[in-house]
Amino acid sequence: MRWTLSLLKSPVIIVLALGLGLAGCANNRKLPDNAGGLGLNNATPGSQQDFTVNVGDRVFFETDSSALTGTARATLDKQAAWLSRYPNYPITIEGHADERGTREYNIALGARRAAATRDYLAAKGVPVRRMRTISYGKERPVAVCDDISCWSQNRRAVTLLAAPTG
Amino acid sequence: MSDMYQTKRCARSLARAAKQLASAMLLALALAMPGAMPAKALVELDLNKANVEPLPIAITDFAGDQVARDIAGVIEADLKNSGLFRPIEKAAFIDKISGTAGVPRFEDWRVVNAQALVTGQVTQESDGRLKAEFRLWDVFGGQQIVGQQFFTSPQNWRRVAHIVADAIYQALTGEKGYFDTRVVYVSEQGSRLKRIKRLAIMDQDGANARMLTSGDDLVLTPRFSPTRQEITYMSFAGGTPRVYLLQIETGQRELVSNLPNMSFSPRFSPDGQKIVMSLQQDGNANIYSMDLRSRTTTRLTNTPAIDTAPSFSPDGNRIAFESDRGGRQQIYVMNADGSNQTRISFGQGAYATPVWSPRGDLIAFTKQSGGKFAIGVIKPDGSGERILTEGFHNEGPTWAPNGRVLMFFRDSGGENGGPSIYSIDISGYNEHRIPTEGFASDPAWSPLLD
């Protein structure tokens with residue numbers, strides 16, 4: 001349920017939910033009613049939860065595109081600031097594609113999205129050596145249903161923190 | 001001509017049988033029709049006609065115990081599934097011939113309008129082996145077209161049935177069959193959000209399925225070696241997704257290239273000595289060729305784009321691939337050294353996963369257009385595009401070794417949906433699902449076994 005928790009508080013997702021209407025998505029049906037009840041607002045500063053909940057661990061892409069949208073850049077700016085404040089986390093950036101593409105192309109498209117995300121964070125001062133990228137293509141969806149709103153959630157790059165070093 | 005032909009056929013059978021004896025304990029011998037000259041069949045199918053009317057064929061119950069009837073059943077299913085034959089209901093049979101002794105009452109078979117007739121029998125030898133015999137008869141010509149016998153271990157009975165079906169197919173169409181083949185694929189289990197993917201292998205009719213990997217690692221895009229019992233595939237084992245080789249019989253696994261970046265989308269050259277694949281560098285994927293003996297890589301494409309899904313022409317001289325260098329994915333053809341890269345697809349939409357036919361005459365593809373995914377074929381010069389099937393999601397064609405039939409996978413979508421493997425012939429007819437336990441995707445057809 002980690003994805004679901006992060007979806008609740010991610011400003012990006014809330015915008016999408018209002019704009020496109022997520023009702024009917026399998027994932028959406030599983031969302032708890034009450035975010036506050038989960039204690040998400042009390043994340044310890046500098047923790048994984050803090051990053052996921054208060055910064056946002058993922059950015060979204062248009063179909064067949066690895067261009068960073070304005071919303072994505074804003075999220076990555078916050079990620080870069082947070083990562084600079086807490087420099088001991090190695091980072092893996094996962095690139096993903098939606099299921100409306102062919103398998104091999106989507107592997108490469110996910111890699112392209114992960115690279116675009118990494119390059120942006122690097123430009124914002126996150127050392128390249130802290131970051132590795134991996135693509136899962138369309139093999140790891142987080143939302144399942146047969147409409148555009150769900151596919152859009154799967155076209156993503158997720159910044160994952162590893163156990164801190166030092 | 002006939003005698004010579006039959007002698008050559010017999011020699012080929014024996015040569016083939018010698019190989020099979022070592023690997024599969026199979027032995028084939030030609031059965032001559034007593035007292036009659038083998039003759040050119042009057043009955044034959046012309047596969048080059050646009051719309052082939054299925055040939056009515058009577059397949060009698062083979063004489064013997066249950067395995068005899070099972071073998072006849074598999075032969076009948078193979079021929080029926082090819083779309084080229086229409087097996088006649090056994091209830092309509094007048095002549096109750098059983099076994100391979102004697103000559104059928106052809107007039108009885110003409111009454112039920114059988115163009116061809118198959119008789120056979122299966123007996124057990126004293127050493128425990130099965131002896132399977134069959135004869136294919138030309139009903140209107142009143143003569144035997146081909147007759148063979150096979151010796152095999154009892155657990156091999158399905159292979160014998162497929163080999164007999166291939167012999168019938170070849171005798172009546174003039175082209176090699178494809179029934180004695182296998183398919184590697186990705187077996188998928190579990191919900192869409194937690195799906196386990198494993199490499200698996202089955203006979204082309206879905207029988208004898210078994211898993212090749214444990215499911216611990218994500219694995220994708222298996223492809224058969226044209227020359228060995230070996231597949232190449234992509235695995236996420238070890239953190240970086242890379243191309244591997246897997247020996248089917250031993251389960252031995254080997255990393256193809258220790259390059260630091262992701263490698264994916266592998267496919268063998270026709271001689272089995274090289275693998276072409278994509279290597280990812282930042283946002284770009286380019287196509288490389290690797291010599292499996294020297295392990296040296298050669299770069300074949302160099303664009304700031306996604307170049308992937310390479311597929312050799314059967315003569316090894318050219319490679320079809322897809323690239324989004326012009327915007328969306330399109331099919332290109334280049335020489336095997338990377339020169340002369342030429343776009344061949346120009347229709348509406350995106351074209352992906354080009355796969356060159358073993359006959360060389362067509363390239364199959366996945367086409368994405370208007371929110372639908374289609375499987376189609378196009379000539380290597382870009383002309384003659386035809387869509388074979390279209391729907392919510394069809395992807396990843398693979399060719400039968402005779403270039404007459406394709407498999408692909410179709411995803412139904414939805415939270416509880418998933419992919420299944422389908423077969424369709426190149427005329428776009430005779431589409432049917434290949435039975436698998438659970439979901440299945442990424443089929444790759446083997447060459448004819450021998």
Side-chain angles (χ1 to χ4, degrees), chain A residues 1-4 24-30 63-68 92 94-95 97-120 122 128 131-148 150-151 153-154 157 162, chain B residues 186 188 191-195 197 218-221 234 236 239-241 261-262 264-266 277-286 305-310 322-324 327-329 350-353 365-368 371-373 392-393 395-396 409 411-417 419 441-442:
Chain A
M1 290 303 284
R2 186 155 56 96
W3 305 133
T4 311
C25 283
N27 219 43
N28 203 39
R29 287 199 295 273
K30 292 171 189 157
T63 301
D64 269 355
S65 171
S66 58
L68 295 167
T92 296
E94 289 183 355
D98 68 28
E99 52 270 57
R100 303 307 286 157
T102 46
R103 188 166 252 168
E104 291 163 325
Y105 183 78
N106 278 358
I107 292 281
L109 181 59
R112 193 188 256 175
R113 286 171 175 162
T117 303
R118 179 202 58 198
D119 292 348
Y120 188 87
V128 170
M131 299 185 279
R132 66 181 281 271
T133 60
I134 187 168
S135 171
Y136 287 99
K138 61 174 173 176
E139 312 305 321
R140 294 275 189 266
V142 291
V144 177
C145 69
D146 293 333
D147 65 53
I148 290 164
C150 282
W151 299 331
Q153 293 180 58
N154 292 329
Chain B
V186 174
E188 305 195 14
S191 80
R192 224 179 253 283
L193 297 179
K194 288 188 174 175
R195 189 149 290 172
K197 297 190 172 92
L218 175 60
V219 289
L220 300 169
T221 65
M234 176 196 196
F236 283 65
T240 300
N261 294 341
M262 174 170 78
F264 63 106
S265 194
M277 59 188 165
S278 288
L279 285 182
Q280 191 75 27
Q281 282 160 316
D282 298 324
N284 304 339
N286 280 300
I306 293 173
D307 295 343
T308 191
E322 64 169 79
S323 174
D324 67 355
R328 297 191 77 183
Q329 294 156 275
Y351 293 75
T353 74
F365 56 80
T366 306
K367 181 177 182 177
Q368 217 180 323
K372 291 184 170 179
F373 283 62
F392 173 71
H393 196 111
E395 182 178 343
F409 68 98
D411 200 313
S412 56
E415 185 177 6
N416 299 312
S441 61
D442 269 356

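Letters go in sequence order (proteins before strands), and every chain restarts at 1.
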Which distance, rounded to the nearest 0.5 Å, do you find between the [atom1] of [X] and the [atom2] of [Y]?
X: Leu220(B); Y: Ile107(A); atom1: CG; atom2: CD1; value: 5.5 Å
X: Asn106(A); Y: Glu395(B); atom1: CG; atom2: CD; value: 8.0 Å
X: Asn154(A); Y: Arg192(B); atom1: CG; atom2: CZ; value: 10.0 Å
X: Ile134(A); Y: Gln280(B); atom1: CD1; atom2: CD; value: 12.0 Å
X: Tyr136(A); Y: Leu218(B); atom1: OH; atom2: CG; value: 7.5 Å
X: Asn284(B); Y: Arg112(A); atom1: CG; atom2: CZ; value: 7.0 Å

For the student: nearest non-hydrogen atoms of [X] and [Y], plus distance:
X: Ser135(A); Y: Pro241(B); result: O-CG, 4.3 Å
X: Met262(B); Y: Ala111(A); result: CE-CB, 3.8 Å
X: Leu193(B); Y: Ala143(A); result: CD2-N, 4.0 Å

(request) Would you check if Ile306(B) and Glu104(A) make a side-chain contact, meaning some heavy-atom pair closer than 4.5 Å? (result) no

(request) State, yes or no, whether a side-chain contact exists between Val186(B) and Glu139(A) at a heavy-atom distance under 4.5 Å. (result) no

(message) Between Ala285(B), Gly417(B), Ser441(B), Ala350(B), who has the most heavy-atom pairs with chain A when the cutoff is under 4.5 Å?
(response) Ser441(B)

(message) Can you tell me which of Ser278(B), Ser191(B), Gly396(B), Gly239(B) forms the most heavy-atom pairs within a distance under 4.5 Å of chain A?
(response) Gly239(B)

Chain B heavy atoms under 4.5 Å from [X]: which part of the residue, side chain, backbone, both or neither?
X: Arg132(A); value: side chain
X: Ser66(A); value: neither
X: Ala116(A); value: neither

[X] versus chain A, the contacting section by heavy-atom distance below 4.5 Å:
X: Lys197(B); result: side chain
X: Asp442(B); result: both
X: Ala309(B); result: both
X: Ser265(B); result: both

(request) For the pair Arg103(A) and Glu188(B), find out whether any cationic side-chain nitrogen is under 4.0 Å from an anionic carboxylate oxygen. (result) yes

(message) With a 4.0 Å cut-off on N to O distance, would you call Asp411(B) and Lys138(A) a salt bridge?
(response) no

(request) Under the side-chain hydrogen bond (donor to acceptor under 3.5 Å, both in side chains) rule, collect the residues that match up with Asp98(A), sequence neighbours excluded. (result) Arg155(A)

(message) Suppose we screen for ring pair (Phe, Tyr, Trp, His ring centres under 6.0 Å). Which residues come up paired with Phe373(B), at least two apart in sequence or across chains?
(response) His393(B)

